[in-house]
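Numbering of ligands and ligand atoms starts at 1, following listing order.
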Amino acid sequence: MFTAEDHLHMSRALQLAALGMRTTSPNPRVGCVIVNRGRIVGEGWHVAAGTPHAEPHALAQAGELARGATAYVTLEPCSHHGRTPPCADALVGAGLARVVVASTDPNPLVAGQGMARLRAAGILAESGLMEAEALALNRGFMSRMTRGRPWVTVKLGMSLDGKTALDDGRSQWITGPAARRDVMRLRAESCAILTGSGTVMADDPQLTVRGIDPLQPPADCMSPAAALMREQPLRRPLRAVVDSRLATSPVRAIYLNGGVRLYTCVSEGARHAPYIGHGNLVRVVPAPNGRVDLSAIVADLGLQGCNNLLVEAGMGLAGAVLRAGLLDELVCYVAPAIIGHQALGAFNLPPLASLEDKVRLAWHDVRPVGDDLRLTLRPVR
Ligand code: AOF
Ligand code: ZN
């Protein structure tokens, strides 16, 4: 039911959507292409929450040429009055003849109503073209909408022998500069970065995004989204620390930098005082069986609008994420170096009774990054 030409235009719309990779959060990444008699007459993508959606940008560029044309949109056009008016109405008003959508929008405010509204107005509205690509682009948004929690990526830097830190916990730097730059990109694509008390004490990290700019639109792009994009500041991911017993020093760099969400099981307010200030917040989470409830933390981050959570931590927190069944993807940078058996491994797990009990993952992507290898894996569920 979809032609080769349909695929071509939807790929372009997906490419435009991906320009929002570092800026749209908590909103999804969405692209739109309007085609009149085989010619692209309008392009748009969503740049940042609170600014126009993809469709109005493309419609503005197309003007009268939108009448009778086909719109390719990577996400079902919205039907609700949010920070902006419904895109489905804008497409109807502009007189589109056909609308092709990649994936429907699970947001309960939309959820099929966008498609229904287009059809009710007599527009030929179809969905499912390049759906897998569209879902992959918005895996975080889809996760938050359908599971109420972000997509959880655990990042590790390790030696060839699987060691992530010296026995005193220091882990800077096992991998090379190219891998570290790649981690900055991962951070820029994330809504929040979570670390643990061990890493805060051993490495004193800032977990900020440095040396990375928002993506830039192609120079020849005439969409009004391009002008908006060129003046977009870099979005700073939320930083969060799990410190169940408040064991970290409140004068570590991450707290002094400010804006941290500190999750703890300690409920006495007086003990929170040293951490508050610099815009930091303390959140008390339950500790069933004496262990901090990570599901409650990711659910809370979901409520904050977090689509993509990046966990950069040592074996304690990384092991806990794995045990809680929260891992969606593991990104592992492997350095061609050997550290030796006394160093620390990647995941703190209880001893296995048998190799049958090992945690199984599947390779998703493998590629060199500078002198290191980047391995991307997903759990086998
Ligand atoms: C679209 N096109 O480009 C985007 C959509 O607060 P608002 O008004 O920006 O609405 C955000 C919601 O709108 C978001 O949760 C998602 O369901 C939809 N995003 N929809 O038709 C777009 N970004
Ligand atoms: Zn919209």
Side-chain angles (χ1 to χ4, degrees), residues 10 12-34 42-62 66 70-94 96 99-119 121 123 125-127 129-131 133-135 137-151 189 191 215 217 221 223-226 228-229 232 235 301-308:
M10 190 59 88
R12 174 66 178 170
L14 283 162
Q15 213 173 45
L16 295 172
L19 288 169
M21 206 70 186
R22 300 174 185 173
T23 48
T24 63
S25 160
N27 277 357
R29 299 140 180 170
V30 185
C32 175
V33 170
I34 297 177
E43 290 186 332
W45 65 94
H46 188 47
V47 174
T51 71
H53 287 179
E55 301 90 323
H57 284 308
L59 287 170
Q61 190 185 348
T70 296
Y72 296 85
V73 199
T74 60
L75 184 73
E76 173 183 6
C78 65
S79 50
H80 69 293
H81 287 268
R83 279 166 282 202
T84 65
C87 293
D89 292 357
L91 293 167
V92 170
L96 272 290
V99 174
V100 181
V101 166
S103 72
T104 51
D105 184 352
N107 184 345
L109 295 170
V110 184
Q113 296 175 65
M115 299 305 284
R117 203 175 276 212
L118 297 172
R119 288 187 186 125
I123 295 180
E126 300 164 285
S127 76
L129 173 62
M130 303 187 78
E131 185 179 26
E133 288 84 346
L135 291 176
L137 186 65
N138 282 315
R139 61 195 191 180
F141 176 77
M142 298 293 164
S143 169
R144 180 164 67 87
M145 288 297 148
T146 60
R147 303 189 292 183
R149 69 157 177 93
W151 174 272
E189 293 174 358
C191 310
L215 291 169
C221 182
S223 168
L228 187 60
M229 187 97 207
Q232 264 317 293
R235 198 185 40 80
L301 288 167
L303 287 174
Q304 304 308 307
C306 175
N307 295 335
N308 294 286

S.K.: To the nearest 0.5 Å, how far apart are SG in Cys78 and CD in Glu55?
M.R.: 6.5 Å
S.K.: Can you pull out the closest protein heavy atom to atom 2 (N) of ligand 1? Residue, atom name and distance to 0.1 Å, please.
M.R.: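 Heavy-atom neighbour on the protein nearest atom 2 (N) of ligand 1: Glu55 OE1, 2.9 Å.
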S.K.: Using a 4.0 Å cut-off to any heavy atom of Pro77, which atoms of ligand 1 qualify?
M.R.: 21 (O)
S.K.: Quick test of your reading of the structure: of His53, Glu76, Arg29, whose heavy atom lies closest to atom 13 (O) of ligand 1?
M.R.: His53
S.K.: Give me the nearest non-hydrogen protein atom to atom 15 (O) of ligand 1 as residue plus atom name, then the distance to 0.1 Å.
M.R.: Asn107 ND2, 3.0 Å
S.K.: Can you tell me how far apart CD1 (Ile34) and CG (Leu59) are? Round to the nearest 0.5 Å.
M.R.: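 Answer for the CD1-CG pair, Ile34 versus Leu59, is 4.0 Å.
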S.K.: Which of the atoms in ligand 1, numbered in the order shown and given with their element, are less than 4.0 Å from a heavy-atom of Arg83?
M.R.: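 Within the 4.0 Å cut-off of Arg83, ligand 1 contributes 6 (O), 7 (P), 8 (O).
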S.K.: What atoms in ligand 1 come closer than 4.0 Å to a heavy atom of Val30?
M.R.: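 With Val30 as reference, the close atoms of ligand 1 come out as 2 (N), 3 (O), 4 (C), 22 (C), 23 (N).
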S.K.: List the steps and the verdict of side-chain contact (heavy atoms from CB on, under 4.5 Å) for Thr51 and His46.
M.R.: CA-CA 8 Å; Thr51 71; His46 188 47; 4.1 Å; yes
S.K.: Which one holds for Thr84 and ligand 1: side chain close, backbone close, both close, or neither close, with close meaning a heavy atom under 4.0 Å?
M.R.: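 The part of Thr84 near ligand 1 is both the backbone and the side chain.
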S.K.: Are any of the N/O atoms in Ala54 less than 3.5 Å from those in ligand 1?
M.R.: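 Yes - when backbone and side-chain N and O of Ala54 are compared with those of ligand 1, one distance drops under 3.5 Å.
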S.K.: Taking just the N, O or S atoms of His53, which one is nearest to the Zn ion (ligand 2)?
M.R.: ND1
S.K.: With rounding to the nearest 0.5 angstrom, report the CD to OH distance, Glu126 to Tyr72.
M.R.: 9.0 Å
S.K.: Of all the atoms in ligand 1, which lie at a distance below 4.0 Å from a heavy atom belonging to Asp105?
M.R.: 16 (C), 17 (O), 18 (C)
S.K.: Any donor-acceptor pair under 3.5 Å linking the side chain of Glu76 with the backbone of Asp105?
M.R.: yes
S.K.: Of all the heavy atoms in Ala49, does at least one lie under 4.0 Å from an atom in ligand 1?
M.R.: no
S.K.: When rounded to the nearest 0.5 angstrom, what is the spacing between CG in Asn307 and OG in Ser25?
M.R.: 5.5 Å
S.K.: Could a heavy atom of Trp45 be found less than 4.0 Å from some atom of ligand 1?
M.R.: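 For ligand 1, residue contact (heavy atoms, under 4.0 Å) with Trp45 is absent.
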S.K.: Heavy atom of His80 under 4.0 Å from ligand 1?
M.R.: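 For ligand 1, residue contact (heavy atoms, under 4.0 Å) with His80 is present.
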S.K.: Mark yes or no for whether Ser143, through its side chain, and Arg139, through its backbone, hold a donor-acceptor pair below 3.5 Å.
M.R.: no
S.K.: Report, in ascending order of atom number, the atoms of ligand 1 lying under 4.0 Å from any heavy atom of Cys78.
M.R.: 1 (C), 20 (N), 21 (O)
S.K.: Between Arg29 and Asn138, do the side chains contain a donor N or O and an acceptor N or O under 3.5 Å apart?
M.R.: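 There is no such pair (donor and acceptor under 3.5 Å, judged by atom type) between the side chains of Asn138 and Arg29.
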S.K.: How close does the nearest protein non-hydrogen atom get to atom 11 (C) of ligand 1, and which residue and atom is it?
M.R.: Asn27 OD1, 3.3 Å
S.K.: Once you restrict to heavy atoms under 4.0 Å, what part of Cys87 touches ligand 1? Side chain, backbone, both or neither.
M.R.: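 Within the 4.0 Å criterion, Cys87 contacts ligand 1 through side-chain atoms alone.
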S.K.: What is the ring orientation for His53 with His80, classed by angle as parallel under 30°, tilted 30 to 60°, or perpendicular over 60°?
M.R.: tilted
S.K.: If the cut-off is 4.0 Å to any non-hydrogen atom of Phe141, which atoms of ligand 1 fall inside it?
M.R.: 15 (O), 16 (C), 17 (O)
S.K.: So Leu129 and Val101, side-chain contact (heavy atoms from CB on, under 4.5 Å) or not? Walk me through it.
M.R.: CA-CA 6 Å; Leu129 173 62; Val101 166; over 6 Å; no
S.K.: Need the ligand 1 atom indices (1-based, order shown) with element for anything under 4.0 Å from a heavy-atom of Gly82.
M.R.: 8 (O)
S.K.: Side-chain contact test, heavy atoms from C-beta onward, threshold under 4.5 Å: evaluate it for Met142 versus Leu75 and give yes or no.
M.R.: yes
